[in-house]
Amino acid sequence: MLRALTHRLLKLLLWLILASVLLVLALRWVPPPGTALMIERKIESWGSEQPLELKRRWRPWNELPDSLKMAVIAAEDQKFANHWGFDLGAIQAALQHNQNGGSLRGASTLSQQVAKNLFLWSGRSWLRKGLEAWFTALIELLWSKERILEVYLNSVEWGDGVFGAEAAAQHHFGVGAPYLNRQQASQLAAVLPNPLRWSAGRPDGYILRRSAWIRQQMNQLGGGHYLNQLKPRYPHWWPGWL
């Protein structure tokens, strides 16, 4: 009986692994209709007096401004073009910082944030971190870097019910995402550590200082030339790991 139960559990695990691989592979080309974080925020709002209206509109890669792409990389993951989903140096530094009693610091790459926001729930647990690592590895294996950043910019939270670059640009600045200028792009990137606390459209002194630092980092990374490193070296239909 124990052997039969073990066999069934292993079979279920294999089916779940296969399903996750096929899902991530499909999203290499299909725009995700939503994210797990959006669902979570909607469910949370059911207990409040005012229902939450989710705002999101997909913008393909060539309609997203280079300034926003670079601002997010400069702010969140400067080694994005070179790592395989995990910045081991940043993880080690964050662990050391946290062990020394500093304010809790994370070290998530853009790939990890895509995995978490797209497929998983909020919170801290070993199960969620393990699933995050699994989906991060799949994303890095099956998607190009351009695709990872494209999905990130169309899925990240930029305010209460505001998801993705287009909704954020409209909400904070009254323009479409393709028309964001460098200052606006850097302010959007500056609030990403806590977009529910800070406003890109009404920045305080800290956000203005952080956005100025982000623009400086964008220059040091090479500006738009950095994005050439993200271009796939194979046809769009070809598996990225071959």
Begin from the C-alpha positions of Leu37 and Trp121 and carry the test side chain to side chain contact (heavy atoms under 4.5 Å, CB included) through to its verdict. CA-CA 7 Å; Leu37 182 59; Trp121 63 95; over 6 Å; no
Determine, step by step, whether Gln184 and Gln187 satisfy the side chain to side chain contact (heavy atoms under 4.5 Å, CB included) criterion, reporting the C-alpha distance in whole Å, the side-chain angles of both residues, the deciding distance to 0.1 Å, and the verdict. CA-CA 5 Å; Gln184 293 166 337; Gln187 288 175 205; 5.7 Å; no
Intermediate values then yes/no, side chain to side chain contact (heavy atoms under 4.5 Å, CB included), Leu120 and Phe135: CA-CA 9 Å; Leu120 304 172; Phe135 279 107; 4.3 Å; yes
Is there a side chain to side chain contact (heavy atoms under 4.5 Å, CB included) between His83 and Ser111? Walk through the geometry before answering. CA-CA 10 Å; His83 64 60; Ser111 304; 4.1 Å; yes
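Closest approach of Gly85 and Thr136 over heavy atoms only: O-CG2, 3.6 Å. The two atoms that bring Gly34 and Leu118 nearest to each other are O-CD1, 3.8 Å, heavy atoms only. In terms of heavy-atom proximity, Ala71 sits nearest to Ala189 at O-CB, 3.5 Å. What you find for Pro178 and Glu166 is that their closest heavy atoms are CD-OE1, 4.0 Å. Summarising the geometry of Pro32 relative to Val151, their closest heavy-atom pair is CG-CG1, 4.2 Å, with the distance given to 0.1 Å. For the residue pair Ser108 and Gln113, the shortest heavy atom distance occurs at O-NE2, 3.5 Å.
Note that Lys145 lies in the cation-pi zone of Phe80, set by a 6.0 Å cut-off to the ring centre and a 45° limit from the axis. Stacking of Lys69 on the aromatic ring of Trp61 is recorded, both the 6.0 Å distance cut-off and the 45° axial limit being met.
Residues Trp213 and Arg209 have side chains not in contact (no heavy-atom distance under 4.5 Å, counting atoms from C-beta outward). Met218 places none of its side-chain heavy atoms less than 4.5 Å from the side chain of Leu221. Gln183 places a side-chain heavy atom less than 4.5 Å from the side chain of Leu208.
Leu22 and Trp143 fall into different hydrophobic clusters, where Ile, Leu, Val, Met, Phe, Trp and Tyr are joined by side-chain heavy atoms under 4.5 Å apart, directly or via other members. Under the 4.5 Å side-chain contact rule for hydrophobic residues, Leu149 and Trp158 share a cluster. Criterion: ILVMFWY side-chain heavy atoms under 4.5 Å apart, direct or through other members. Under it, Tyr152 and Leu64 are part of a common hydrophobic cluster. The cluster map of Ile, Leu, Val, Met, Phe, Trp and Tyr, joined by side-chain heavy atoms under 4.5 Å apart, puts Tyr179 and Val72 in the same cluster. One hydrophobic cluster holds both Phe119 and Val156 under the rule that ILVMFWY side chains link at heavy-atom gaps under 4.5 Å.
With hydrogens and angles ignored, the 3.5 Å screen pairs a side-chain donor or acceptor of Gln78 with a backbone N or O of Ala74. With hydrogens and angles disregarded, a donor-acceptor distance shorter than 3.5 Å links the side chain of Asp77 to the backbone of Leu110. The backbone N or O of Ile73 lies less than 3.5 Å from no partner atom in the side chain of Glu76, so there is not a single donor-acceptor pair. A donor-acceptor pair is defined here as one N or O able to donate and one able to accept, closer than 3.5 Å; such a pair exists between the side chain of Arg56 and the backbone of Asn154. Between the side chain of Arg128 and the backbone N or O of Gly123 there is at least one donor-acceptor pair closer than 3.5 Å. Formation of a donor-acceptor pair under 3.5 Å by the Arg147 side chain with backbone atoms of Arg28 is found in this model. A donor-acceptor pair is defined here as one N or O able to donate and one able to accept, closer than 3.5 Å; no such pair exists between the side chain of Ser144 and the backbone of Pro232.
Checking Arg215 against Ser186 by side-chain atom types alone, a donor-acceptor pair falls below 3.5 Å. For the residue pair Gln170/Arg57, the side-chain donor-acceptor check at 3.5 Å is not satisfied.
For Phe86, there are no ring pair (Phe, Tyr, Trp, His ring centres under 6.0 Å) partners, not counting sequence neighbours.
With respect to the salt-bridge test (charged N to carboxylate O, under 4.0 angstrom), the residues Glu157 and Arg41 qualify. A salt bridge is absent between Glu132 and Lys116: the closest approach of a Lys/Arg side-chain nitrogen to an acidic carboxylate oxygen does not fall below 4.0 angstrom.
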For residues 190-201, which side-chain N or O atoms pair as donor and acceptor with protein atoms under 3.5 Å away, sequence neighbours left out?
from, atom 1, to, atom 2, distance (Å)
Asn194, OD1, Arg197, N, 3.2
Ser199, OG, Gly201, N, 3.3
Ser199, OG, Arg202, N, 3.1

Can you list, pair by pair, the side-chain donor-acceptor contacts under 3.5 Å of residues 3-19, counting residues two or more places apart and other chains?
from, atom 1, to, atom 2, distance (Å)
Thr6, OG1, Leu2, O, 2.8

